[in-house]
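First up is the structure itself, then whatever we jot down about it.
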Amino acid sequence: MKTVKLTEETKKDLLQDLLQRSPARYEKQEAIVADIISRIREQGDKALFSYTKQLDHCDTDASNIRVTEAEIREAYGALEPAFVEVMQKAAANIRAYHEKQVRNSWFDVKEDGSILGQKITPVSRAGVYVPGGKAAYPSSVLMNVIPAKVAGVPQIIMTTPPGADGTVNPGTLAAAHIAGVDAIYKAGGAQAIAAMAFGTESIPRVDKITGPGNIFVALAKKAVYGYVSIDSVAGPSEILVLADETANPRYVAADLLSQAEHDELACAILITTSEALAGQVQTEIGQFLKKLPRTEIIQKSLENYGYILLAADVDEAVAAANEIASEHLEILMKNPFEVMTKIKNAGAVFLGEHSCEPLGDYYAGPNHILPTSGTARFFSPLGVDDFIKKSSIISYSRTALQAVHEEIELFARKEGLTAHENSIKVRFE
């Protein structure tokens with residue numbers, strides 16, 4: 001990791017480095033994704049099965065693309081009962097947290113007979129993408145599906161790439177069953193996103209697509225946005241740790257590495273007011289790298305996007321954290337709750353030395369689908385609100401409209417919209 005003094009120049013360089021990881025920077029891949037989406041729209045299942053054969057080396061057709069109940073039972077049989085139990089407990093925590101986000105429709109009735117309100121309606125069908133390949137993430141299944149269930153979405157489908165033998169990771173299937181997925185399809189990559197966005201003979205069109213994936217998945221989601229809603233265009237994972245001299249350097253090092261192991265583009269940043277802590281963390285990282293299995297990935301991540309920034313004081317550290325707007329933010333300081341009140345931009349905030357980032361990834365309940373690449377400045381974690389629509393309700397009595405009709409007519413005239421004016425005026429001729 002690079003250790004540098006926090007200045008405007010070093011902060012600018014860091015932000016520039018992080019921007020290079022954004023899915024907005026992959027023009028070559030965008031052309032490939034556009035071609036895949038076009039073929040899926042034109043050819044449906046034919047193109048989908050062809051891409052699955054070409055990219056996942058698996059033969060699929062209309063008879064086997066959907067996961068069967070027998071396959072789900074087999075998945076449970078392949079898993080340790082203890083792991084299934086942990087997933088069930090995590091699902092309960094996630095459900096309980098998201099139930100607190102539920103909104104209700106409301107109506108405000110006034111004495112003049114006017115009624116204003118807001119009607120809450122879930123989307124009709126949600127589609128969840130779950131990665132396959134190098135690693136399986138049952139936790140992401142729970143995090144994507146459960147908020148949709150809590151929101152009341154009537155149908156939730158899931159796509160995930162199959163192995164060459166046509167099977168799906170058993171943990172992924174069990175998590176989908178626990179969360180309440182209605183149908184699971186063996187399809188991956190940009191082709192799966194296109195299938196959910198536009199529909200094929202086998203996969204129904206959805207209203208909302210959520211879930212993480214590689215750069216092709218991210219760019220496909222970006223391309224279909226507008227035809228369907230999406231959660232976000234996610235970039236590589238990142239963690240920022242704010243720490244002072246009271247922090248345990250071993251904990252800090254372990255937490256930084258927990259994100260660096262995701263992939264070579266993952267970013268791990270420590271901002272500290274203690275130069276002594278910075279050196280101790282570097283030493284601890286070296287010790288961990290001697291025994292962690294994913295050392296090669298971690299080292300590349302730290303070489304490219306690992307930073308230790310030395311801040312003059314807490315205020316300077318917090319200001320930098322707000323500008324970076326990290327996906328995960330840990331506060332390992334003397335007064336973490338006090339520091340938290342100054343944080344404006346972060347996907348998820350972890351307070352205190354026993355609130356490490358993996359707690360949020362797997363178990364605590366808040367969603368781990370979080371804004372990345374600085375988008376925590378304007379995006380929020382995935383939640384129940386992502387799966388609902390809000391409709392405005394307006395009802396005026398004649399008495400209520402009569403009291404204001406001349407004002408509305410004036411407004412319409414000033415905008416030059418005479419038919420608008422007339423729509424009001426005819427009611428009082």
With side-chain contact (heavy atoms from CB on, under 4.5 Å) as the test, would you mind laying out the steps for E238 and I269 before giving the verdict? CA-CA 8 Å; E238 56 206 32; I269 301 170; over 6 Å; no
Using 0.5 Å steps for rounding, measure from the CE atom of M196 to the OG1 atom of T210. 8.0 Å
Is there a side-chain contact (heavy atoms from CB on, under 4.5 Å) between I230 and I193? Walk through the geometry before answering. CA-CA 10 Å; I230 63 171; I193 300 299; over 6 Å; no
Side-chain heavy-atom pair S140, H368 within 4.5 angstrom cut-off: yes
OG of S395 to NZ of K110: how many Å apart, nearest 0.5 Å? 12.5 Å
Out of curiosity, T172 OG1 to I72 CD1, how far, rounded to the nearest 0.5 Å? 11.5 Å
Under 3.5 Å, is there a donor-acceptor pair between the side chain of N322 and the main chain of K342? yes
Tell me the closest heavy-atom pair linking I184 and A176, and the distance in Å. CD1-CB, 3.7 Å
Less than 4.5 Å apart, any side-chain heavy atom of L48 and any of I65? yes
Looking only at non-hydrogen atoms, find the nearest pair between F83 and P138 and report the distance. CZ-CG, 4.3 Å
Do T200 side-chain atoms and I203 backbone N/O form a donor-acceptor pair below 3.5 Å? yes
Can you measure from CG (D255) to CD (E353) and round to the nearest 0.5 angstrom? 10.0 Å
Taking only Lys NZ, Arg NE, NH1 and NH2, and the carboxylate oxygens of Asp or Glu, determine whether R125 and D207 approach each other closer than 4.0 Å. no
Main chain of L265, side chain of N304: is a donor-acceptor contact present, judged purely on distance under 3.5 Å? no
Within the structure provided, determine whether Q54 and Q191 are in side-chain contact (heavy-atom separation under 4.5 Å). no
Could you work out, with side-chain hydrogen bond (donor to acceptor under 3.5 Å, both in side chains) as the rule, every residue matching Y225, not counting sequence neighbours? none
Output yes when a side-chain donor or acceptor of N367 lies under 3.5 Å from a complementary backbone atom of P381, and no otherwise. no
Any idea which heavy atoms bring E30 and K222 closest together, and the distance? OE2-NZ, 3.2 Å
Using the side-chain contact (heavy atoms from CB on, under 4.5 Å) rule, take I115 and D108 through it: C-alpha gap first, then chi angles, then the decisive distance, then the call. CA-CA 6 Å; I115 301 173; D108 182 19; over 6 Å; no
If we ignore angles and hydrogens, is there a donor and acceptor under 3.5 Å between the side chains of T121 and K389? no
Between L401 and I424, does a side-chain contact (heavy atoms from CB on, under 4.5 Å) hold up when you go through it step by step? CA-CA 9 Å; L401 185 60; I424 297 289; 4.3 Å; yes
Nearest heavy-atom pair of A192 and Y129: which atoms, and what distance? CB-CE1, 3.9 Å
Does K186 reach the main-chain N or O of V168 with its side chain, forming a donor-acceptor pair under 3.5 Å? no
Is the CZ atom of F378 crowded by more than 12 outside heavy atoms at less than 6.0 Å? yes
Got E357 and Q259 here, is their nearest side-chain heavy-atom distance under 4.5 Å? yes
Spell out, as yes or no, whether a donor-acceptor pair under 3.5 Å connects the side chain of T341 to the backbone of E338. yes
Please tell me if the side chains of D361 and H328 come closer than 4.5 Å, counting only heavy atoms from C-beta onward. yes
Under the criterion salt bridge (charged side-chain N to carboxylate O under 4.0 Å, His left out), I'd like the reasoning laid out for K89 against E85: C-alpha separation, chi angles, the key distance, then a yes or no. CA-CA 6 Å; K89 289 180 178 179; E85 185 177 349; 3.6 Å; yes
In short, L310 meets A278 closest at the heavy-atom pair CD2-CB, 3.7 Å
Donor-acceptor pair, K119 side chain versus I393 backbone, under 3.5 Å? no
Can you check whether S232's main-chain N or O pairs, donor with acceptor, with K221's side chain at less than 3.5 Å? yes
Looking at T60, D61, D45, which hits side-chain hydrogen bond (donor to acceptor under 3.5 Å, both in side chains) with S202? D45
Determine yes or no for a side-chain-to-main-chain donor-acceptor pair under 3.5 angstrom, with Q101 supplying the side chain and V384 the backbone. yes
Residue pairs, two or more places apart or on separate chains, that pass ring-ring contact (aromatic ring centres under 6.0 Å, His included) and touch residues 152-200: Y76-H177, F198-Y227
Are N104 and I120 close enough that some pair of their side-chain heavy atoms sits under 4.5 Å apart? no
For a quick test of reading the model, state the closest non-hydrogen atom pair linking L79 to G171 and the distance between them. CD2-N, 3.8 Å
Measuring from atom OG of S355 to atom CD1 of I331, what distance do you get when rounded to the nearest 0.5 angstrom? 10.5 Å
Hey, could you give me the CG/CZ distance between N422 and R427, rounded to the nearest 0.5 Å? 9.5 Å
Pairing of R95 and E99 as salt bridge, 4.0 angstrom limit: no
Is there a donor-acceptor pair under 3.5 Å between the side chain of T52 and the backbone N or O of A187? no
NZ of K300: more than 12 outside heavy atoms within 6.0 angstrom? no
Determine whether V217 and P212 make a side-chain contact, defined as any pair of heavy atoms from C-beta on separated by less than 4.5 Å. no
Are D263 and S237 side-chain neighbours, meaning at least one heavy-atom pair lies under 4.5 Å? no
